[in-house]
Amino acid sequence: MPRHFGAMIRAELRAVFGRASGKIALGAGLLIPLVVAVVLTWFQQKTVDARFNGMPIDQLADLSIRGVAGYSLMVRNMVVLPLLLVLATAAAVAGERKENTLREVMVRPVPRWTIALAKVLALLVLSGGSLLLTLLPSLGMGLALFDTSSPIHRVLLGYLACMGTDLGLICLAMLAGAFVRSVGGVVVLLVLLMLGDLAGRMVLTLAGNLGVEDALVIVEYFPGAALDAWEGWKDGFVWKQFLGLGVLIAGTFGVTALRFTRMDVP
Amino acid sequence: MSEPALHAIGLTRRFGARVAVDTLDLRVEPGDTYGFLGPNGAGKTTAIRCMLGLIRRDAGQVSIFGDAHPVRQRRQVGALVETPAFHDWMTGRANLARSVAFAGQGDAQEIDRSLGLVGLSGRGDDRVGTYSLGMRQRLGIARALVGRPQLLILDEPTNGLDPRGMKEVRDLLKGLAKQDGLTIFLSSHLLSEVELLCNRVGIIEKGKLVAEGTVQELVAGRAEGTEVDLGAVDPTQLTAALVDIEGATSLSLQPNGRTRVRLEGIGIAELNQRLVQAGVAVDALVPVTHTLEETFLRLTSSEIT
(Lines give C-alpha, C1' and ligand atoms only; values in the text may rest on other atoms or scores of the structure.)
Protein backbone atom coordinates (compact mmCIF):
# COMPACT_ATOMS: atom_id res chain seq x y z
CA MET A 1 0.00 0.00 0.00
CA PRO A 2 1.51 3.38 -0.94
CA ARG A 3 2.36 5.70 1.97
CA HIS A 4 0.38 8.45 0.28
CA PHE A 5 -2.78 6.32 -0.02
CA GLY A 6 -4.68 8.86 2.09
CA ALA A 7 -3.84 11.61 -0.41
CA MET A 8 -5.06 9.33 -3.22
CA ILE A 9 -8.40 8.85 -1.47
CA ARG A 10 -8.73 12.61 -0.88
CA ALA A 11 -8.03 13.23 -4.57
CA GLU A 12 -10.69 10.68 -5.51
CA LEU A 13 -13.13 12.25 -3.04
CA ARG A 14 -12.69 15.63 -4.75
CA ALA A 15 -13.43 13.96 -8.08
CA VAL A 16 -16.42 11.95 -6.84
CA PHE A 17 -18.04 14.88 -5.01
CA GLY A 18 -17.21 17.29 -7.81
CA ARG A 19 -19.11 15.40 -10.50
CA ALA A 20 -22.80 16.02 -11.09
CA SER A 21 -23.71 12.45 -10.06
CA GLY A 22 -22.07 12.97 -6.66
CA LYS A 23 -23.77 16.30 -6.03
CA ILE A 24 -27.17 14.98 -7.09
CA ALA A 25 -26.73 11.89 -4.89
CA LEU A 26 -26.17 14.12 -1.87
CA GLY A 27 -29.05 16.42 -2.81
CA ALA A 28 -31.42 13.50 -3.34
CA GLY A 29 -30.31 11.99 -0.05
CA LEU A 30 -31.30 15.21 1.69
CA LEU A 31 -34.56 15.66 -0.19
CA ILE A 32 -35.96 12.18 0.43
CA PRO A 33 -36.61 12.47 4.21
CA LEU A 34 -38.25 15.86 3.67
CA VAL A 35 -40.69 14.38 1.16
CA VAL A 36 -41.32 11.33 3.34
CA ALA A 37 -41.96 13.53 6.40
CA VAL A 38 -44.39 15.73 4.48
CA VAL A 39 -46.33 12.70 3.20
CA LEU A 40 -46.45 11.09 6.65
CA THR A 41 -47.64 14.40 8.11
CA TRP A 42 -50.48 14.41 5.59
CA PHE A 43 -51.41 10.89 6.68
CA GLN A 44 -51.16 11.82 10.37
CA GLN A 45 -53.32 14.91 9.97
CA LYS A 46 -55.66 13.08 7.57
CA THR A 47 -55.07 15.76 4.96
CA VAL A 48 -55.45 13.01 2.39
CA ASP A 49 -57.87 10.15 2.70
CA ALA A 50 -55.62 7.39 1.44
CA ARG A 51 -56.64 3.78 1.90
CA PHE A 52 -54.96 0.43 1.26
CA ASN A 53 -57.22 -2.65 0.94
CA GLY A 54 -59.95 -0.55 2.48
CA MET A 55 -57.92 0.35 5.55
CA PRO A 56 -57.08 4.02 6.22
CA ILE A 57 -53.41 4.51 5.48
CA ASP A 58 -52.72 6.29 8.78
CA GLN A 59 -53.56 3.03 10.56
CA LEU A 60 -51.28 1.00 8.30
CA ALA A 61 -48.33 3.36 8.11
CA ASP A 62 -45.77 3.60 10.89
CA LEU A 63 -46.26 7.24 11.92
CA SER A 64 -43.25 7.43 14.21
CA ILE A 65 -39.60 8.44 14.20
CA ARG A 66 -38.87 4.84 13.24
CA GLY A 67 -41.32 5.12 10.32
CA VAL A 68 -39.82 8.37 8.98
CA ALA A 69 -36.27 6.99 9.07
CA GLY A 70 -37.29 3.57 7.75
CA TYR A 71 -39.50 4.83 4.93
CA SER A 72 -36.83 7.33 3.95
CA LEU A 73 -34.34 4.47 3.66
CA MET A 74 -36.82 2.49 1.55
CA VAL A 75 -37.49 5.41 -0.79
CA ARG A 76 -33.75 6.08 -1.02
CA ASN A 77 -33.06 2.54 -2.10
CA MET A 78 -35.99 2.25 -4.46
CA VAL A 79 -34.40 3.60 -7.64
CA VAL A 80 -32.80 7.03 -7.37
CA LEU A 81 -29.81 6.53 -5.09
CA PRO A 82 -28.74 3.10 -6.39
CA LEU A 83 -28.88 4.53 -9.91
CA LEU A 84 -26.90 7.61 -8.88
CA LEU A 85 -24.30 5.45 -7.13
CA VAL A 86 -23.97 3.32 -10.26
CA LEU A 87 -23.63 6.50 -12.33
CA ALA A 88 -20.99 7.92 -9.97
CA THR A 89 -19.07 4.64 -10.08
CA ALA A 90 -19.36 4.36 -13.85
CA ALA A 91 -18.09 7.93 -14.22
CA ALA A 92 -15.13 7.16 -11.95
CA VAL A 93 -14.07 4.11 -13.95
CA ALA A 94 -15.63 3.75 -17.41
CA GLY A 95 -15.93 7.54 -17.82
CA GLU A 96 -12.30 8.07 -16.88
CA ARG A 97 -11.20 5.29 -19.22
CA LYS A 98 -13.13 6.87 -22.07
CA GLU A 99 -11.83 10.37 -21.37
CA ASN A 100 -8.30 9.00 -20.87
CA THR A 101 -8.02 10.61 -17.44
CA LEU A 102 -7.52 7.15 -15.96
CA ARG A 103 -4.30 6.94 -18.01
CA GLU A 104 -2.93 9.96 -16.18
CA VAL A 105 -3.16 8.22 -12.80
CA MET A 106 -2.06 4.86 -14.21
CA VAL A 107 1.38 6.31 -15.08
CA ARG A 108 1.92 7.26 -11.45
CA PRO A 109 4.17 5.07 -9.28
CA VAL A 110 1.41 3.22 -7.44
CA PRO A 111 0.10 -0.34 -7.85
CA ARG A 112 -2.98 -0.19 -10.01
CA TRP A 113 -5.17 -2.12 -7.57
CA THR A 114 -4.67 0.68 -5.04
CA ILE A 115 -6.18 3.11 -7.56
CA ALA A 116 -9.26 0.86 -7.75
CA LEU A 117 -9.39 0.68 -3.95
CA ALA A 118 -9.11 4.48 -3.61
CA LYS A 119 -12.05 4.85 -5.97
CA VAL A 120 -14.16 2.30 -4.08
CA LEU A 121 -13.47 3.98 -0.74
CA ALA A 122 -14.26 7.46 -2.10
CA LEU A 123 -17.54 6.15 -3.51
CA LEU A 124 -18.29 4.49 -0.18
CA VAL A 125 -17.85 7.88 1.49
CA LEU A 126 -20.37 9.26 -1.01
CA SER A 127 -22.76 6.49 -0.03
CA GLY A 128 -22.19 7.21 3.66
CA GLY A 129 -22.65 10.95 3.10
CA SER A 130 -25.94 10.47 1.28
CA LEU A 131 -27.12 8.06 4.01
CA LEU A 132 -26.28 10.58 6.72
CA LEU A 133 -28.09 13.30 4.79
CA THR A 134 -31.13 11.03 4.74
CA LEU A 135 -30.88 9.76 8.31
CA LEU A 136 -30.18 12.97 10.23
CA PRO A 137 -33.09 15.06 8.86
CA SER A 138 -35.44 12.10 9.16
CA LEU A 139 -34.49 11.68 12.83
CA GLY A 140 -34.86 15.41 13.39
CA MET A 141 -38.29 15.53 11.82
CA GLY A 142 -39.29 12.29 13.53
CA LEU A 143 -38.40 13.85 16.89
CA ALA A 144 -40.25 17.07 16.09
CA LEU A 145 -43.38 15.74 14.42
CA PHE A 146 -44.03 12.08 15.25
CA ASP A 147 -44.18 9.48 17.99
CA THR A 148 -40.73 8.93 19.50
CA SER A 149 -41.53 5.95 21.70
CA SER A 150 -40.83 3.29 19.07
CA PRO A 151 -37.31 1.83 19.16
CA ILE A 152 -35.09 2.90 16.30
CA HIS A 153 -32.00 0.75 16.78
CA ARG A 154 -33.00 -1.64 13.99
CA VAL A 155 -33.51 1.21 11.55
CA LEU A 156 -30.07 2.51 12.45
CA LEU A 157 -28.68 -0.95 11.79
CA GLY A 158 -30.57 -0.86 8.48
CA TYR A 159 -28.71 2.33 7.53
CA LEU A 160 -25.43 0.69 8.50
CA ALA A 161 -26.33 -2.41 6.49
CA CYS A 162 -27.21 -0.15 3.60
CA MET A 163 -23.60 1.07 3.49
CA GLY A 164 -22.65 -2.55 3.03
CA THR A 165 -25.16 -3.13 0.25
CA ASP A 166 -24.11 0.16 -1.38
CA LEU A 167 -20.54 -1.15 -1.28
CA GLY A 168 -21.73 -4.30 -3.05
CA LEU A 169 -23.43 -2.22 -5.71
CA ILE A 170 -20.34 0.00 -6.12
CA CYS A 171 -18.10 -3.05 -6.50
CA LEU A 172 -20.48 -4.54 -9.06
CA ALA A 173 -20.51 -1.28 -11.04
CA MET A 174 -16.70 -1.03 -10.73
CA LEU A 175 -16.39 -4.48 -12.25
CA ALA A 176 -18.67 -3.52 -15.13
CA GLY A 177 -16.78 -0.24 -15.57
CA ALA A 178 -13.47 -2.08 -15.77
CA PHE A 179 -14.72 -3.89 -18.87
CA VAL A 180 -17.13 -1.42 -20.48
CA ARG A 181 -15.87 1.94 -21.74
CA SER A 182 -19.02 4.03 -21.43
CA VAL A 183 -21.06 5.27 -18.50
CA GLY A 184 -24.30 4.39 -20.29
CA GLY A 185 -22.98 0.93 -21.03
CA VAL A 186 -22.28 0.29 -17.35
CA VAL A 187 -25.78 1.45 -16.36
CA VAL A 188 -27.43 -0.72 -19.04
CA LEU A 189 -25.29 -3.72 -18.04
CA LEU A 190 -26.18 -3.30 -14.37
CA VAL A 191 -29.89 -2.88 -15.12
CA LEU A 192 -29.85 -6.01 -17.29
CA LEU A 193 -27.95 -7.89 -14.59
CA MET A 194 -30.43 -6.84 -11.92
CA LEU A 195 -33.40 -7.74 -14.14
CA GLY A 196 -31.82 -11.12 -14.85
CA ASP A 197 -31.21 -11.60 -11.15
CA LEU A 198 -34.82 -10.69 -10.37
CA ALA A 199 -36.17 -13.02 -13.04
CA GLY A 200 -33.95 -15.83 -11.80
CA ARG A 201 -35.10 -15.34 -8.23
CA MET A 202 -38.75 -15.25 -9.33
CA VAL A 203 -38.40 -18.51 -11.26
CA LEU A 204 -36.62 -20.19 -8.36
CA THR A 205 -39.20 -18.90 -5.87
CA LEU A 206 -41.96 -20.28 -8.08
CA ALA A 207 -40.11 -23.57 -8.37
CA GLY A 208 -39.67 -23.63 -4.60
CA ASN A 209 -43.35 -23.03 -4.06
CA LEU A 210 -44.10 -25.87 -6.48
CA GLY A 211 -42.04 -28.18 -4.32
CA VAL A 212 -38.58 -28.15 -5.94
CA GLU A 213 -36.19 -28.80 -3.10
CA ASP A 214 -33.41 -26.26 -2.40
CA ALA A 215 -34.77 -23.74 -4.91
CA LEU A 216 -35.61 -21.25 -2.16
CA VAL A 217 -32.24 -21.79 -0.51
CA ILE A 218 -30.40 -20.87 -3.71
CA VAL A 219 -32.43 -17.66 -4.00
CA GLU A 220 -30.86 -16.37 -0.79
CA TYR A 221 -27.41 -16.42 -2.36
CA PHE A 222 -28.30 -14.38 -5.45
CA PRO A 223 -26.52 -11.02 -5.78
CA GLY A 224 -29.90 -9.27 -5.73
CA ALA A 225 -30.78 -10.95 -2.44
CA ALA A 226 -27.44 -9.86 -0.99
CA LEU A 227 -28.07 -6.28 -2.12
CA ASP A 228 -31.43 -6.38 -0.28
CA ALA A 229 -29.77 -7.22 3.05
CA TRP A 230 -30.53 -3.73 4.38
CA GLU A 231 -34.27 -4.57 4.31
CA GLY A 232 -33.79 -6.59 7.48
CA TRP A 233 -34.59 -3.45 9.49
CA LYS A 234 -38.27 -4.34 9.00
CA ASP A 235 -38.48 -8.03 9.92
CA GLY A 236 -35.00 -8.99 11.06
CA PHE A 237 -31.66 -9.37 9.33
CA VAL A 238 -30.75 -12.58 7.50
CA TRP A 239 -27.12 -13.58 7.99
CA LYS A 240 -27.04 -15.55 4.72
CA GLN A 241 -27.69 -12.33 2.82
CA PHE A 242 -24.69 -10.72 4.49
CA LEU A 243 -22.58 -13.76 3.73
CA GLY A 244 -23.63 -13.45 0.09
CA LEU A 245 -22.88 -9.73 0.24
CA GLY A 246 -19.38 -10.43 1.55
CA VAL A 247 -18.75 -12.91 -1.24
CA LEU A 248 -20.14 -10.43 -3.78
CA ILE A 249 -17.88 -7.60 -2.56
CA ALA A 250 -14.75 -9.74 -2.29
CA GLY A 251 -15.35 -11.44 -5.62
CA THR A 252 -16.20 -8.36 -7.66
CA PHE A 253 -13.43 -6.24 -6.14
CA GLY A 254 -10.92 -9.06 -6.59
CA VAL A 255 -11.73 -9.40 -10.28
CA THR A 256 -11.75 -5.59 -10.70
CA ALA A 257 -8.35 -5.28 -9.04
CA LEU A 258 -6.99 -8.02 -11.30
CA ARG A 259 -8.49 -6.33 -14.34
CA PHE A 260 -6.99 -2.97 -13.30
CA THR A 261 -3.60 -4.61 -12.93
CA ARG A 262 -3.66 -6.30 -16.31
CA MET A 263 -5.67 -3.99 -18.54
CA ASP A 264 -4.13 -2.01 -21.38
CA VAL A 265 -4.69 1.71 -20.96
CA PRO A 266 -5.00 3.50 -24.29
CA MET B 1 29.69 3.84 -16.11
CA SER B 2 26.35 5.14 -14.85
CA GLU B 3 23.09 3.30 -15.46
CA PRO B 4 21.19 4.37 -18.58
CA ALA B 5 18.27 6.70 -17.92
CA LEU B 6 16.06 4.51 -20.09
CA HIS B 7 17.02 1.07 -21.30
CA ALA B 8 14.67 -1.07 -23.35
CA ILE B 9 15.80 -4.53 -24.33
CA GLY B 10 13.89 -6.66 -26.83
CA LEU B 11 10.67 -4.73 -26.28
CA THR B 12 7.91 -6.49 -28.18
CA ARG B 13 4.19 -5.93 -28.40
CA ARG B 14 1.77 -7.72 -30.70
CA PHE B 15 -1.84 -6.91 -31.47
CA GLY B 16 -3.12 -10.21 -32.79
CA ALA B 17 -0.94 -11.16 -35.73
CA ARG B 18 0.43 -7.64 -36.16
CA VAL B 19 3.71 -6.87 -34.43
CA ALA B 20 3.49 -3.24 -33.34
CA VAL B 21 6.84 -3.14 -31.54
CA ASP B 22 9.40 -5.69 -32.64
CA THR B 23 12.33 -6.54 -30.33
CA LEU B 24 13.10 -2.86 -29.84
CA ASP B 25 16.39 -2.04 -28.16
CA LEU B 26 16.90 1.50 -26.91
CA ARG B 27 19.43 3.08 -24.64
CA VAL B 28 19.05 6.66 -23.48
CA GLU B 29 21.93 7.98 -21.40
CA PRO B 30 21.45 10.39 -18.48
CA GLY B 31 21.41 13.96 -19.79
CA ASP B 32 20.43 12.92 -23.32
CA THR B 33 17.68 14.64 -25.22
CA TYR B 34 16.59 11.73 -27.35
CA GLY B 35 14.33 12.18 -30.37
CA PHE B 36 12.16 9.23 -31.29
CA LEU B 37 11.07 9.41 -34.91
CA GLY B 38 8.98 7.22 -37.13
CA PRO B 39 6.20 7.35 -39.69
CA ASN B 40 2.53 6.98 -38.81
CA GLY B 41 1.86 3.57 -37.31
CA ALA B 42 5.56 2.80 -36.91
CA GLY B 43 4.99 1.92 -33.26
CA LYS B 44 6.27 5.05 -31.49
CA THR B 45 3.31 5.57 -29.18
CA THR B 46 2.92 1.83 -28.56
CA ALA B 47 6.60 1.68 -27.60
CA ILE B 48 6.18 4.66 -25.26
CA ARG B 49 3.12 3.06 -23.67
CA CYS B 50 5.05 -0.18 -23.17
CA MET B 51 7.88 1.76 -21.54
CA LEU B 52 5.45 3.51 -19.20
CA GLY B 53 3.67 0.27 -18.33
CA LEU B 54 0.37 1.51 -19.72
CA ILE B 55 0.10 -1.54 -21.92
CA ARG B 56 1.50 -4.99 -21.38
CA ARG B 57 4.54 -6.07 -23.32
CA ASP B 58 4.74 -9.51 -24.85
CA ALA B 59 8.48 -9.66 -24.38
CA GLY B 60 11.39 -7.52 -23.33
CA GLN B 61 12.49 -5.45 -20.37
CA VAL B 62 12.50 -1.79 -19.51
CA SER B 63 14.70 -0.30 -16.83
CA ILE B 64 14.79 3.32 -15.76
CA PHE B 65 18.01 4.44 -14.09
CA GLY B 66 18.73 0.75 -13.56
CA ASP B 67 15.42 0.02 -11.85
CA ALA B 68 13.33 -2.64 -13.58
CA HIS B 69 10.51 -2.67 -11.00
CA PRO B 70 7.36 -1.75 -12.95
CA VAL B 71 5.94 0.57 -10.27
CA ARG B 72 9.03 1.94 -8.52
CA GLN B 73 10.72 2.95 -11.78
CA ARG B 74 7.91 5.42 -12.52
CA ARG B 75 8.89 7.56 -9.51
CA GLN B 76 11.60 9.08 -11.67
CA VAL B 77 9.45 9.61 -14.74
CA GLY B 78 7.23 12.45 -15.86
CA ALA B 79 5.15 11.61 -18.91
CA LEU B 80 2.97 13.18 -21.53
CA VAL B 81 1.25 10.62 -23.73
CA GLU B 82 -0.46 11.87 -26.89
CA THR B 83 -3.18 14.48 -26.23
CA PRO B 84 -3.17 15.07 -22.47
CA ALA B 85 -6.49 14.36 -20.77
CA PHE B 86 -7.85 16.33 -17.83
CA HIS B 87 -10.93 16.65 -15.71
CA ASP B 88 -12.35 19.62 -17.59
CA TRP B 89 -14.53 20.74 -14.69
CA MET B 90 -11.51 21.04 -12.41
CA THR B 91 -9.06 23.93 -12.50
CA GLY B 92 -5.62 23.44 -13.98
CA ARG B 93 -4.12 23.63 -10.49
CA ALA B 94 -6.60 21.02 -9.15
CA ASN B 95 -5.70 18.67 -11.99
CA LEU B 96 -2.02 18.98 -11.11
CA ALA B 97 -2.86 18.51 -7.41
CA ARG B 98 -4.60 15.26 -8.34
CA SER B 99 -1.48 14.07 -10.13
CA VAL B 100 0.67 15.05 -7.15
CA ALA B 101 -1.65 13.08 -4.85
CA PHE B 102 -1.31 9.92 -6.93
CA ALA B 103 2.42 10.38 -7.47
CA GLY B 104 3.10 10.91 -3.79
CA GLN B 105 5.70 13.54 -4.63
CA GLY B 106 5.42 17.28 -5.08
CA ASP B 107 3.45 19.98 -3.27
CA ALA B 108 1.63 23.26 -3.88
CA GLN B 109 4.91 25.12 -4.48
CA GLU B 110 5.91 22.50 -7.01
CA ILE B 111 2.61 23.00 -8.80
CA ASP B 112 3.15 26.77 -8.89
CA ARG B 113 6.65 26.24 -10.25
CA SER B 114 5.43 23.88 -12.99
CA LEU B 115 2.62 26.23 -13.99
CA GLY B 116 5.13 29.08 -14.13
CA LEU B 117 7.54 27.09 -16.29
CA VAL B 118 4.90 26.53 -18.95
CA GLY B 119 3.53 30.07 -18.72
CA LEU B 120 0.20 29.18 -17.11
CA SER B 121 0.59 30.93 -13.76
CA GLY B 122 -2.21 33.35 -14.56
CA ARG B 123 -4.65 30.66 -15.69
CA GLY B 124 -3.99 27.97 -13.09
CA ASP B 125 -7.21 28.70 -11.24
CA ASP B 126 -9.40 28.57 -14.35
CA ARG B 127 -11.32 25.46 -15.29
CA VAL B 128 -9.47 23.33 -17.84
CA GLY B 129 -12.64 23.26 -19.94
CA THR B 130 -11.92 26.90 -20.82
CA TYR B 131 -8.35 26.16 -22.02
CA SER B 132 -7.30 26.19 -25.66
CA LEU B 133 -5.60 23.13 -27.18
CA GLY B 134 -2.21 24.77 -26.77
CA MET B 135 -2.89 25.56 -23.11
CA ARG B 136 -3.94 21.99 -22.47
CA GLN B 137 -0.69 20.84 -24.04
CA ARG B 138 1.29 23.20 -21.78
CA LEU B 139 -0.65 21.95 -18.76
CA GLY B 140 0.22 18.40 -19.83
CA ILE B 141 3.90 19.33 -19.80
CA ALA B 142 3.45 21.02 -16.41
CA ARG B 143 1.89 17.81 -15.10
CA ALA B 144 4.85 15.81 -16.38
CA LEU B 145 7.18 18.18 -14.51
CA VAL B 146 5.57 18.10 -11.05
CA GLY B 147 7.52 15.95 -8.63
CA ARG B 148 10.78 16.90 -10.37
CA PRO B 149 11.30 13.69 -12.36
CA GLN B 150 14.74 12.77 -13.68
CA LEU B 151 13.37 11.47 -16.97
CA LEU B 152 10.72 13.11 -19.11
CA ILE B 153 8.93 10.94 -21.66
CA LEU B 154 7.00 13.21 -24.00
CA ASP B 155 4.86 12.05 -26.89
CA GLU B 156 4.48 14.92 -29.40
CA PRO B 157 4.98 17.67 -26.77
CA THR B 158 4.42 20.58 -29.16
CA ASN B 159 1.21 19.19 -30.61
CA GLY B 160 -1.36 21.96 -31.01
CA LEU B 161 1.00 24.79 -30.16
CA ASP B 162 1.44 27.86 -32.33
CA PRO B 163 4.97 28.68 -33.58
CA ARG B 164 5.67 30.91 -30.57
CA GLY B 165 4.40 28.24 -28.20
CA MET B 166 6.53 25.62 -29.96
CA LYS B 167 9.62 27.74 -29.52
CA GLU B 168 8.78 28.38 -25.86
CA VAL B 169 8.37 24.66 -25.19
CA ARG B 170 11.57 23.96 -27.09
CA ASP B 171 13.42 26.56 -25.01
CA LEU B 172 11.86 25.16 -21.84
CA LEU B 173 12.99 21.62 -22.66
CA LYS B 174 16.46 22.86 -23.61
CA GLY B 175 16.66 24.69 -20.28
CA LEU B 176 15.48 21.65 -18.33
CA ALA B 177 18.05 19.47 -20.04
CA LYS B 178 20.89 21.95 -19.63
CA GLN B 179 20.24 23.55 -16.24
CA ASP B 180 18.40 20.79 -14.39
CA GLY B 181 20.21 17.91 -16.10
CA LEU B 182 16.94 16.26 -17.04
CA THR B 183 16.96 13.38 -19.49
CA ILE B 184 14.34 13.87 -22.15
CA PHE B 185 12.89 11.24 -24.46
CA LEU B 186 10.49 12.73 -26.96
CA SER B 187 8.66 11.62 -30.03
CA SER B 188 7.83 14.27 -32.57
CA HIS B 189 6.63 14.53 -36.11
CA LEU B 190 8.61 17.75 -36.54
CA LEU B 191 12.04 16.75 -37.80
CA SER B 192 13.35 20.30 -37.58
CA GLU B 193 12.34 20.38 -33.94
CA VAL B 194 14.18 17.15 -33.23
CA GLU B 195 17.21 18.49 -35.07
CA LEU B 196 17.18 21.66 -32.94
CA LEU B 197 16.46 19.95 -29.64
CA CYS B 198 17.93 16.46 -29.58
CA ASN B 199 21.49 15.28 -29.32
CA ARG B 200 20.53 11.68 -30.13
CA VAL B 201 17.89 10.29 -32.43
CA GLY B 202 16.32 6.89 -32.99
CA ILE B 203 14.25 6.11 -36.06
CA ILE B 204 11.62 3.41 -35.80
CA GLU B 205 9.96 1.70 -38.77
CA LYS B 206 7.45 -1.14 -38.53
CA GLY B 207 8.21 -1.52 -34.84
CA LYS B 208 11.96 -1.91 -35.34
CA LEU B 209 14.72 0.58 -34.68
CA VAL B 210 16.30 1.15 -38.10
CA ALA B 211 18.84 3.81 -37.15
CA GLU B 212 20.19 5.36 -34.00
CA GLY B 213 22.89 7.85 -33.30
CA THR B 214 23.66 11.49 -32.78
CA VAL B 215 21.96 13.87 -35.20
CA GLN B 216 25.40 14.54 -36.73
CA GLU B 217 26.02 10.83 -37.23
CA LEU B 218 22.65 10.32 -38.84
CA VAL B 219 22.88 13.25 -41.22
CA ALA B 220 26.44 12.28 -42.11
CA GLY B 221 25.14 8.78 -42.75
CA ARG B 222 27.58 7.28 -40.25
CA ALA B 223 24.86 5.41 -38.39
CA GLU B 224 24.46 3.04 -41.32
CA GLY B 225 27.80 3.67 -43.08
CA THR B 226 29.57 6.75 -44.41
CA GLU B 227 28.83 7.94 -47.92
CA VAL B 228 31.28 9.83 -50.13
CA ASP B 229 31.14 11.26 -53.62
CA LEU B 230 34.24 10.25 -55.59
CA GLY B 231 35.63 11.88 -58.69
CA ALA B 232 38.51 10.62 -60.83
CA VAL B 233 40.27 11.68 -63.99
CA ASP B 234 39.28 8.32 -65.47
CA PRO B 235 35.82 7.30 -64.12
CA THR B 236 36.01 3.85 -65.73
CA GLN B 237 39.25 3.09 -63.89
CA LEU B 238 37.60 4.30 -60.66
CA THR B 239 34.62 1.99 -61.12
CA ALA B 240 36.89 -0.99 -61.77
CA ALA B 241 39.06 -0.22 -58.76
CA LEU B 242 36.06 0.07 -56.42
CA VAL B 243 34.98 -3.49 -57.23
CA ASP B 244 38.17 -4.77 -55.61
CA ILE B 245 37.93 -2.67 -52.46
CA GLU B 246 36.09 -4.52 -49.69
CA GLY B 247 33.69 -2.32 -47.68
CA ALA B 248 33.18 0.19 -50.51
CA THR B 249 29.94 -0.10 -52.45
CA SER B 250 29.10 2.01 -55.48
CA LEU B 251 25.61 3.39 -55.08
CA SER B 252 24.92 5.68 -58.00
CA LEU B 253 26.39 8.05 -60.54
CA GLN B 254 25.68 11.64 -59.54
CA PRO B 255 24.67 14.34 -62.06
CA ASN B 256 28.09 15.96 -61.69
CA GLY B 257 29.77 12.76 -62.88
CA ARG B 258 30.94 11.69 -59.43
CA THR B 259 30.26 8.24 -58.03
CA ARG B 260 28.43 7.93 -54.69
CA VAL B 261 30.05 5.24 -52.58
CA ARG B 262 29.00 3.78 -49.23
CA LEU B 263 31.80 2.84 -46.84
CA GLU B 264 31.33 0.15 -44.22
CA GLY B 265 34.32 -0.95 -42.19
CA ILE B 266 36.68 1.23 -44.14
CA GLY B 267 37.60 4.88 -43.56
CA ILE B 268 37.84 7.68 -46.10
CA ALA B 269 41.64 7.95 -45.77
CA GLU B 270 42.07 4.21 -46.31
CA LEU B 271 39.82 4.32 -49.37
CA ASN B 272 41.88 7.14 -50.82
CA GLN B 273 45.10 5.22 -50.16
CA ARG B 274 43.71 2.04 -51.82
CA LEU B 275 42.56 3.97 -54.88
CA VAL B 276 45.93 5.69 -55.27
CA GLN B 277 47.65 2.29 -54.91
CA ALA B 278 45.34 1.02 -57.70
CA GLY B 279 46.58 3.86 -59.89
CA VAL B 280 43.38 5.89 -59.83
CA ALA B 281 43.91 9.63 -60.12
CA VAL B 282 41.36 10.84 -57.56
CA ASP B 283 40.33 14.46 -58.16
CA ALA B 284 37.46 14.70 -55.68
CA LEU B 285 36.55 12.97 -52.42
CA VAL B 286 33.61 14.67 -50.73
CA PRO B 287 31.81 13.23 -47.66
CA VAL B 288 28.07 13.28 -48.23
CA THR B 289 25.82 14.93 -45.64
CA HIS B 290 22.03 14.69 -45.60
CA THR B 291 19.39 16.64 -43.79
CA LEU B 292 17.61 14.72 -41.06
CA GLU B 293 14.55 14.72 -43.29
CA GLU B 294 16.46 13.07 -46.15
CA THR B 295 17.85 10.51 -43.75
CA PHE B 296 14.41 9.88 -42.36
CA LEU B 297 12.86 9.45 -45.79
CA ARG B 298 15.64 7.13 -46.88
CA LEU B 299 15.24 4.92 -43.85
CA THR B 300 11.47 4.78 -43.75
CA SER B 301 9.21 3.67 -46.52
CA SER B 302 6.11 5.53 -45.42
CA GLU B 303 5.23 9.18 -45.26
CA ILE B 304 6.49 11.43 -42.50
CA THR B 305 4.24 11.55 -39.47
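A, B, ... follow the sequence lines: proteins, then strands. Residue 1 opens every chain.
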For B/Glu193 and B/Thr158, does a side-chain donor sit closer than 3.5 Å to a side-chain acceptor?
yes

Do the side-chain N and O atoms of B/Thr12 and B/Asp58 include a donor-acceptor pair separated by under 3.5 angstrom?
no

Part of residues 177-199 of chain A lying next to chain B, heavy-atom separation under 4.5 Å
none

Less than 4.5 Å apart, side chain to side chain, heavy atoms only: is that true for B/Ile141 and B/Leu172?
yes

Are side-chain heavy atoms of B/Arg200 and B/Thr33 found at a separation under 4.5 Å?
no

Under a 4.5 Å heavy-atom cut-off, does chain A meet the side chain of B/Val100, its backbone, both or neither?
neither

Tell me if a side-chain donor or acceptor on B/Tyr131 pairs with a main-chain N or O of B/Arg123 at a distance below 3.5 Å.
yes

When the 4.5 angstrom heavy-atom criterion is applied to A/Arg3 and chain B, the contacting part is neither

Honestly, the part of B/Arg13 sitting under 4.5 Å from a heavy atom of chain A is side chain

Which atom names give the shortest non-hydrogen contact between B/Pro149 and B/Ala144, and what distance separates them?
CG-O, 3.3 Å

Close side-chain approach of B/Asp88 to B/Arg127, heavy-atom, < 4.5 Å:
no

Inter-residue atom distance B/Leu11.CG - B/Thr23.OG1, 0.5 Å rounding
9.5 Å

Distance-minimising heavy-atom pair for B/Val19 and B/Arg14
CG2-CG, 4.1 Å

Is it the backbone or the side chain of B/Thr46 that comes under 4.5 Å from a heavy atom of chain A, or both, or neither?
neither

Assign the ring pair B/Tyr34 / B/Phe185 to parallel, tilted or perpendicular, where the plane angle (0 to 90°) is split at 30° and 60°.
parallel

Short question: side chain of B/Lys44, backbone of B/Ser187 - any donor-acceptor pair under 3.5 Å?
no

Residues of residues 160-170 of chain A contacting chain B, heavy-atom criterion under 4.5 Å, by residue number
none

Are there residues of residues 95-134 of chain A whose heavy atoms fall under 4.5 Å of chain B's heavy atoms? If so, which?
A/Glu96, A/Glu99, A/Asn100, A/Thr101, A/Arg103, A/Glu104, A/Val105, A/Met106, A/Val107, A/Arg108, A/Pro109, A/Val110, A/Pro111, A/Arg112, A/Ile115, A/Lys119

Give me the contact list for residues 4-15 of chain A versus chain B, heavy atoms only, anything under 4.5 Å, ordered by residue number.
A/His4, A/Ala7, A/Met8, A/Ala11, A/Glu12, A/Arg14, A/Ala15

Within a strict 4.5 Å, meaning less than it, do heavy atoms of the B/Thr183 and B/Leu152 side chains meet?
no

Heavy-atom check, side chain of A/Gln241 versus side chain of A/Asp228, under 4.5 Å:
yes

Of all heavy-atom pairs linking B/Leu96 and B/Ala142, the shortest is CD1-CB, 4.1 Å

Whether B/Arg93 and B/Asp112 form a salt bridge (side-chain N of Lys/Arg under 4.0 Å from carboxylate O of Asp/Glu) is what I want to check.
yes

Any side-chain heavy-atom pair from B/Leu52 and B/Val81 closer than 4.5 angstrom?
yes

Check whether any side-chain heavy atom of B/Glu110 lies under 4.5 Å from a side-chain heavy atom of B/Leu145, and answer yes or no.
no

Could you grab the distance from atom CG of B/Leu151 to atom CE of B/Met51, nearest 0.5 Å is fine?
10.0 Å

Backbone N/O of B/Glu29 and side chain of B/Asp32: donor-acceptor pair under 3.5 Å:
yes

Measuring heavy-atom distances to chain A, does B/Arg56 have an atom under 4.5 Å in its side chain, in its backbone, in both, or in neither?
both

